Amino acid sequence: MKEPQVYLVGAGPGDPDLLTVKAQRLIMGAQTIVYDRLISKDILKLVPASCSQIYVGKSTNRHTLPQEEINKLLLNLAKSGQIVVRLKGGDPGIFGRVGEEADALALHNIPYEIVPGITAAQASASALGIALTHRDYAPKLTLISGHRMQNQPFALDESELIDPNQTLVIYMGVSTAEKLSTQLLEVGRDSDTPVALIERVSSPEQRVFLTTLDDLADTIERHQIKPPALIIVSKVIATCSRYSFESDVADIAAKKYG
Amino acid sequence: MDYLPIFLRLTDEPALVVGGGSVAARKVSLLQQANARVTVVSPELEDSLAQLKTNNEINHIQGQYQDDMVRQYRLVIAATDDAKVNQAVYEQAKAFNIPVNVVDQPALCSFIMPSIVDRSPVVLAISTGGSSPVLARMIRSRLEALIPASYGRLAALAQKYRSAIKVKFENVEHRRKFWESALEGKVSELVLSGRDKEAERVLQAAINNSDETILDEKGEVYLVGAGPGDPDLLTFRALRLMQRADVVLYDRLVSDEIVAMVRRDAEKIYVGKEKSNHAVPQRDINKLLVRLAQEGKRVLRLKGGDPFIFGRGGEEIKDLFHEGISFQVVPGVTAAAGCAAYAGIPLTHREFSQSVSFVTGHLKDGTFNLNWSLLSQPNQTVVIYMGLTGLEIISQKLIEHGVSHDMPAALIQQGTTRNQRVITATLSTLHNKVKAEDVVAPTLVIIGEVVTLQDQLKWFDPDESSGIAIGNALG
C-alpha cells in the first residue's frame, strides 16, 4: 500500500485557529508546500524551516501560474519523491479547482488525499452572527463565483439568482458587484434586500459592511473594498444584523424581515 | 547545555548570507522577519531572492565570496554547496568574532538556528543541539498545537496596559491575580476568537473598576461546529473550547469519539435529534442554553458540521442576544465539504459545475418548501443534507422539473469516518440502489455532473485496512 504523496489541503479562511488538526499536521510534515495568494502569513509561519515553499500566485512580475503548470509542478515534485502539501484557501472543493489537480495525479498513479477546510462563507457567517440557512427565509444556500460574470459563457443563470428564499454567497465578486446587483434587481429581488460585505475574513484586518442590494456598488466604492472579499445576499442577515452592526440599515432590515 | 539560548536583536543590523539557492532564501526570509538588513553574495539568485532584489528588499553582491567580506556584518550565514567557501566564511567570521552559521554543518557553526514557534512578540525556540532535528520538529509540532495563534495579539494587548495596571494595582498579589484572570479568562478568550476590540474594552473596564476578578464572572455560550465526523477535522478553536467548557450540549450528529474529547469533568447533556422526533424541542434547547449561561457556566453547544448550515444556530443565538449573554460561533467543516472531499467529488468544477447549492432533505412540517424548478439547473451541483428519507420524492420532483433522469447522483453514508460508503447511480436509480443496501444515517446526497469524477478521483477507502489513499488510474 502506497502512502499519499500529495495532499490537497484546505487551509480555511486564514486564521490558523480555524485550521483543522489534520491540515496543521500535514503542513508541519511537508517537504514542499505549494501555495497561492490566499494563504495567510500566519499559516505560512507553521511551515518547517526545512520545507521548500513554492508560491504559484500572482506577483509583481508574474501572473498566477496557469492551472496546467500547477498540475505539472505537483506531478514533478511527487515523482521526485517529495511529500507535497498543496495548500488552498478555504475548501479545495469549493472554487478551489481540486478536481483538476486530483485528476492529473490520478492519471499518473500518484497517491493523494483531499482534506476539506472551512470555506470563506462559513467563516464570514460565524464572524458576523449570520446563519447561512433559515427554516423559513433561506432553506437553500447557494455559493457562486463572481469570476463567472466576467466571461460570457459562464454568465450567471437567472434561475440561480431569482429565488428570494435562499442565501446567496458570491466569492471573488467585488469587481463584478455592480453587474450582480443589477441582475438581481432585474429578476425582481427587493432593492432593500440586505447584503453583507466581508473583506479579508478571519484576518486581523477584517472589515465588515452591511448594505442593501441597490447600494452595494456604492458601498464598495465608498469604502474602497478590495479582494479577497465575500458578498452575502440574504434576508437572514436581517434577523442577525443587530448583533454585529450598529446602523440604520440593520434596523430597517430587522423591521422588515426580523 | 552545549549552547546558550539567547534572542538576538537584529533590527537594522547588517547580516550576510552567502549563497543564492532555496536554502539561502529561507535563511534570508528568517533574517528579514527579524528586520535585519540582508546582503546576499552569490553569482546567481533563485526566483524569490531575485524578486526581493527587484523590490530592493535585499542587497545583492553578484559574484563569488571574496576574502574578508564578512567584516562589516553582525551575523553571517553560509548556505553554499562549496565546501571551500563554507570553510573560508567560517574561519574569517571566527577571526573577526562575528557569529557564523554554516547550514547543516555543526562543526562550522558558532551558533545554531533553533526550530521556532512564532507568536510574536512571544517566540519559542527549540533546539536539540543538533542531535535530532526530527525530534525538534515533533516538539515544535506539539507546541504549535498547544499555543493558540493569537497569543501574539494577547501579548501585545498585555504590553499595552502593563504600566496602567501596575499603577492601578500596587499590591503585587492583586496584580498577579488580575493578570491571571485576564490572561486565562474572558479577555484572553475574546482575543482568541478574534474580538480584540471587545477584549480591550473588557480589560479597560476591569482596570477602571480596580476589579481583579470581574473578568471571569459571567457565563457564556460557544456554538461550535464539530465537523463531519472525523475528529481529525476539528479546528483548533473547537478543540480549545472543548477543553474550556463546564457543560456541553450535543446531539446525534456529533460522534462519540468527539464527545469523548470534551473536558473530562464537563457535564454532558444529550439533546439529540432523531428525525421527526426531537429528543429536546429546539425552543427548549434555546432556553437551556440561556439558563446555563445565566448560572455562570461556560456552555459548549456542539453541533455536527457547521452551526450555521442547517444547524439552527441562528435560532439559538437569537435568544442569547436578547438575554444579553455573550456568545461566539465557531465554524466547522460542513458535511458537504467533508463528504465530497473524502468521496473524491469536487463540488465545483470549471467544466461541470460553476455553482453549488445546499438544501436539506427534511424540513419543518414534513414538507419540502423548495422551489424545484430553481434547483433543476444545468452546470450546478446540488447537495442534500439528511437526504435519505426524502430521496425518492426529491429525485421524482427534480426529474419532473426537467433534470435528466440519468443525471449522476451519489449518496455518502457517514462521510469521513471509518464507516464511509459511497453509492453512485443516476437520479432515477439512486433511490432503489440505496434501498437495496443497508444505509445508516447520517447521509449526504450529491447530484450533478461532478459525481462522474468520483470513479477516477476516489482515494479514501476505509475497507482497506489502513484507510490509505490510492489514486486509481482509470479504475
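Because the structure is a prediction, the values reported are computed rather than measured. Naming convention: chains lettered A, B, ... in sequence-line order (proteins, then strands); numbering from 1 in each chain.
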So, the part of B/Leu223 with a heavy atom under 4.5 Å from chain A: the answer is neither
Specify which of A/Ser50, A/Pro13, A/Gly29 makes the most heavy-atom pairs with chain B at under 4.5 Å. A/Ser50
Looking only at heavy atoms and a cut-off of under 4.5 Å, which of B/His349, B/Glu144, B/Met113 has the most pairs with chain A? B/Glu144
What part of A/Pro16 gets closer than 4.5 Å to chain B, counting heavy atoms only: side chain, backbone, both or neither? both
Worked verdict on B/Ile446 versus B/Thr381 for side-chain contact (heavy atoms from CB on, under 4.5 Å): CA-CA 7 Å; B/Ile446 302 179; B/Thr381 306; 3.7 Å; yes
Mind ranking B/Pro331, B/Ala25, B/Gly225, B/Pro346 by heavy-atom pairs under 4.5 Å with chain A and telling me who comes out on top? B/Pro331
Tell me, for B/Arg140 versus chain A, whether the close heavy atoms (under 4.5 Å) come from the side chain, the backbone, both or neither. both
The test is ring-ring contact (aromatic ring centres under 6.0 Å, His included); show your working for B/Phe358 and B/Tyr385 and say whether it passes. CA-CA 7 Å; B/Phe358 302 160; B/Tyr385 284 64; 5.8 Å; yes
Tightest non-hydrogen contact, residues B/Ala336 and B/Val383, listed as CB-CG1, 3.8 Å
Mind checking the NZ-OG spacing from B/Lys53 to B/Ser48? Nearest 0.5 Å is all I need. 13.5 Å
If we define contacts as heavy-atom pairs under 4.5 Å, which of A/Val169, A/Leu141, A/Ile94 has the most with chain B? A/Leu141
Are A/Arg135 and B/Arg312 close enough, and set up right, to give a side-chain contact (heavy atoms from CB on, under 4.5 Å), and what steps lead you there? CA-CA 8 Å; A/Arg135 298 212 304 163; B/Arg312 304 186 67 173; 3.4 Å; yes
When only pairs under 4.5 Å are counted, which of A/Thr167, A/Ile114, A/Val6 shares the most heavy-atom pairs with chain B? A/Ile114
Is chain A contacted by the side chain of B/Gln33, its backbone, both, or neither, given a heavy-atom distance below 4.5 Å? neither
Need one label for A/Val47: side chain, backbone, both or neither, based on atoms under 4.5 Å from any heavy atom in chain B. backbone
At a heavy-atom distance under 4.5 Å, which candidate from B/Arg237, B/Gln328, B/Arg137 has the highest pair count against chain A? B/Arg237
Given that the side chain runs from C-beta out, which part of B/Leu453 has a heavy atom under 4.5 Å from chain A: side chain, backbone, both or neither? neither
Do we see a donor-acceptor contact under 3.5 Å between the side chains of A/Tyr171 and A/Thr119? yes
Measuring heavy-atom distances to chain A, does B/Ser22 have an atom under 4.5 Å in its side chain, in its backbone, in both, or in neither? neither
Please state whether the side chain, the backbone, both or neither of B/Thr334 comes within less than 4.5 Å of a heavy atom of chain A. both
Regarding B/Ser120 and B/Asp118, is there a side-chain donor-to-acceptor distance under 3.5 Å anywhere? yes
Within a 6.0 Å radius of atom CG on B/Asp232, are there more than 12 heavy atoms belonging to other residues, nucleotides or ligands? yes
Between A/Glu101 and A/Asn71: side-chain donor-acceptor atoms closer than 3.5 Å: no
Is it the backbone or the side chain of B/Val330 that comes under 4.5 Å from a heavy atom of chain A, or both, or neither? both
At a 4.5 Å cut-off on heavy atoms, which part of A/Asp91 comes close to chain B: side chain, backbone, both, or neither? side chain
Examine whether an atom of A/Ala49 lies under 4.5 Å from a heavy atom of chain B, and if so say whether it belongs to the side chain, the backbone or both; otherwise answer neither. backbone
Contact class of B/Ala337 relative to chain A, heavy atoms under 4.5 angstrom: both
In this structure, OH of A/Tyr7 is separated from CZ of A/Arg25 (nearest 0.5 Å) by 8.5 Å
Candidate pair B/Lys458 and B/Asp455, rule salt bridge (charged side-chain N to carboxylate O under 4.0 Å, His left out), full reasoning: CA-CA 6 Å; B/Lys458 64 180 176 226; B/Asp455 188 44; 3.3 Å; yes
